[in-house]
Number of protein chains: 2
Amino acid sequence: MAFMTRRTDALSRARIVEATIELLDTAGESALTVRALTAHLATGRGAIYHHVATKDDLLAAAADGVIGRVLAEVGGDGDPAPAIRALALGIFTAMDAHPWIGSQLSRDPGQPAVRQIWTSLGSQLARLGVTGPARVDAGSALVNYVLGAAAQHAAGARRAPDAAARQEYLQALAATWAGEDPDAAALLRDHDDRAQFLAGVDIFLAGVSALRKPAGVSALRKPAGSG
Amino acid sequence: MAFMTRRTDALSRARIVEATIELLDTAGESALTVRALTAHLATGRGAIYHHVATKDDLLAAAADGVIGRVLAEVGGDGDPAPAIRALALGIFTAMDAHPWIGSQLSRDPGQPAVRQIWTSLGSQLARLGVTGPARVDAGSALVNYVLGAAAQHAAGARRAPDAAARQEYLQALAATWAGEDPDAAALLRDHDDRAQFLAGVDIFLAGVSALRKPAGVSALRKPAGSG
DNA sequence: ACCTGAACACCGTTCAAGT
DNA sequence: ACCTGAACACCGTTCAAGT
């Protein structure tokens with residue numbers, strides 16, 4: 001509990017955003033109230049509104065802070081395809097540690113955090129050699145997949161935090177498939193979210209590459225690689 | 001305004017769900033309050049709780065109602081690939097007419113509406129010849145893409161309902177790309193959400209097919225495929 | 001059994017008043 | 001300028017009381 005931040009120096013937007021992230025991480029989305037925040041910051045209710053426009057603004061800033069750190073850590077060096085996998089996995093992992101981000105990113109496509117994700121993935125696609133119309137299509141497909149997967153995973157983690165509840169959910173889903181495809185149903189029952197997420201990224205990358213040089217005999221996967 | 005449903009017959013869960021959909025469609029997510037609902041249904045506050053467990057339960061039931069109709073309308077006949085495109089487009093279109101569904105589907109992967117989407121897309125993938133581990137990977141990739149795209153689109157529609165606001169958002173995004181890739185930036189400025197969404201579906205379909213019969217010469221990815 | 005509506009325990013945001 | 005905390009206008013949910 002690193003809370004109980006007694007007011008040594010002045011309030012600031014940065015301090016408020018940090019406290020928001022801390023509160024969201026430790027107590028969950030439903031515990032983020034202006035009242036709880038002022039209590040932890042040892043200030044009055046209205047002081048928050050001197051530095052922050054609205055609660056939505058605060059959520060967006062918190063998500064932007066976390067995503068910014070993640071993208072900076074991962075970096076974008078090396079071959080573009082592995083870089084895309086690394087960026088996607090970084091976002092996915094962040095969603096695991098901060099499940100509230102999942103729903104936040106789905107709330108507004110114009111928010112800074114989403115914009116950051118767009119540009120970081122978009123520049124890797126450019127390095128892959130995807131440009132022009134194809135890049136916008138590929139970028140939007142990738143961003144939407146990553147955000148969709150992250151949101152579903154985060155929501156699942158919120159709803160079924162323990163292994164038992166999670167197992168129950170997967171079994172219920174598997175049951176609806178059982179008669180039709182017992183194979184898939186069995187696999188569904190004990191899959192690994194992270195591996196499955198990465199498999200999706202690979203399907204996407206394969207699709208981009210397949211559509212770039214239309215199927216057929218000749219050449220291979222990627223031209224850009226230097227390895 | 002088909003509101004003002006005077007109480008001719010008894011309250012029922014179905015009637016409450018219909019009123020919920022109507023209220024969400026005409027007045028938006030923020031206008032759905034238990035108080036507004038009881039006013040439209042001409043009943044008391046607590047009567048709702050005789051047929052519905054909680055407001056979340058109500059939202060999930062409303063989304064399930066809309067998605068159920070959409071999937072039934074689209075059907076799943078014909079070749080599987082076009083059927084997948086049609087199902088995805090149907091979901092996307094529904095999201096346009098009912099923007100509140102976008103955020104609702106991201107709230108809980110276990111809810112009936114999401115389950116319906118999984119099984120309808122999953123069965124088409126099976127008809128495509130994708131089975132076993134590949135089917136779970138492909139299904140989750142496709143579902144997550146569709147839900148992610150729909151959520152982003154719906155959120156955008158909520159935030160920038162008029163053409164001016166929308167243009168402003170796209171220009172801001174394009175600006176961050178301008179120096180780096182003027183080509184993509186220009187295209188971004190006047191793209192068509194629906195066409196872009198379908199382009200993403202095609203990327204995933206191409207990826208699934210590319211990974212099924214490994215490119216080029218011979219050597220392959222996974223042994224499980226039976227196609 | 002089904003419904004009513006007052007009551008409960010909360011919210012986010014504003015704003016006169018203080019320093 | 002920055003902060004305070006009471007006040008405002010709401011929420012979802014419960015529950016004794018009615019029919």
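Only this structure's heavy atoms are used, side chains among them; waters, hydrogens and symmetry mates stay out. Here is the naming used below: chain letters follow the sequence lines, and residue numbers restart at 1 for every chain. Because the structure is a prediction, the values reported are computed rather than measured.
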Options C:dC3, D:dT14, D:dC2, nucleotide nearest the side-chain atoms of A:H50: D:dC2

For atom OH of A:Y49 and atom P of C:dA16, their distance in whole Å: 17 Å

Test item: A:Y145 and B:F204 side chains (from C-beta on) under 4.5 Å apart, heavy atoms: yes

Closest-nucleotide 5' rank along DNA chain D - winner of B:G46 and B:K55: B:K55

Rounded distance in Å - CG (B:D57) to P (D:dT13): 10 Å

Rounded interatomic separation in angstrom, taking CG from A:L37 and P from C:dC11: 12 Å

Heavy-atom donor-acceptor pair, A:R45 side-chain to C:dG12 base, under 3.5 Å: no

pair A:T38-A:T33: side-chain heavy atoms closer than 4.5 Å: no

Toward the 5' end of DNA chain C, by each residue's nearest nucleotide, A:S30 or A:A47: A:S30

A:L41 CG - D:dC2 P separation (whole Å): 16 Å

Proximity to the side chain of A:T43 - top-ranked nucleotide from D:dT13, D:dC3, D:dA7: D:dC3

B:R35 CZ to C:dG5 C1', straight-line distance once rounded to whole Å: 11 Å

Same-atom distance (C1') from C:dC2 to D:dA16, integer angstrom: 15 Å

Secondary structure string for DNA chain C (Watson-Crick or G-U under 3.5 angstrom, | for other-strand pairs): ||.|||||...|||||.||

Residues within residues 58-66 of chain A bordering DNA chain D, heavy-atom distance below 4.0 Å: none

Validation row: B:I21, B:W100 side chains within 4.5 angstrom (heavy atoms): yes

Heavy-atom donor-acceptor pair, B:R107 side chain to A:S103 backbone, under 3.5 Å: no

Note, A:R158 side chain near B:D108 side chain (heavy atom, < 4.5 Å): no

Minimum side-chain heavy-atom gap B:L41-B:I48 below 4.5 Å: yes

Sugar-phosphate only, base, or nothing, as touched by A:L32 at under 4.0 Å among non-hydrogen atoms: sugar-phosphate

Residue A:L11, side-chain atoms from C-beta onward, closest of D:dC3, C:dC3, D:dC11: D:dC3

Euclidean distance, B:T20 OG1 relative to B:L37 CG, rounded to 0.5 Å: 4.5 Å

C:dT13 phosphate, OP1 or OP2, under 4.0 Å from A:T54 side-chain N/O: yes

Side-chain touch A:Q116/A:D64, heavy atoms, less than 4.5 angstrom: yes

Sub-4.5 Å side-chain heavy-atom contact between A:V143 and B:Q152: no

Aromatic ring pairing A:F92/A:F197, orientation class (parallel under 30°, perpendicular over 60°, tilted between): parallel

Between D:dT4 (P) and A:I48 (CD1): distance, integer Å: 10 Å

Nucleotide nearest B:T33 (side chain, heavy atoms from C-beta), chosen from C:dC3, D:dC11, C:dT14: D:dC11

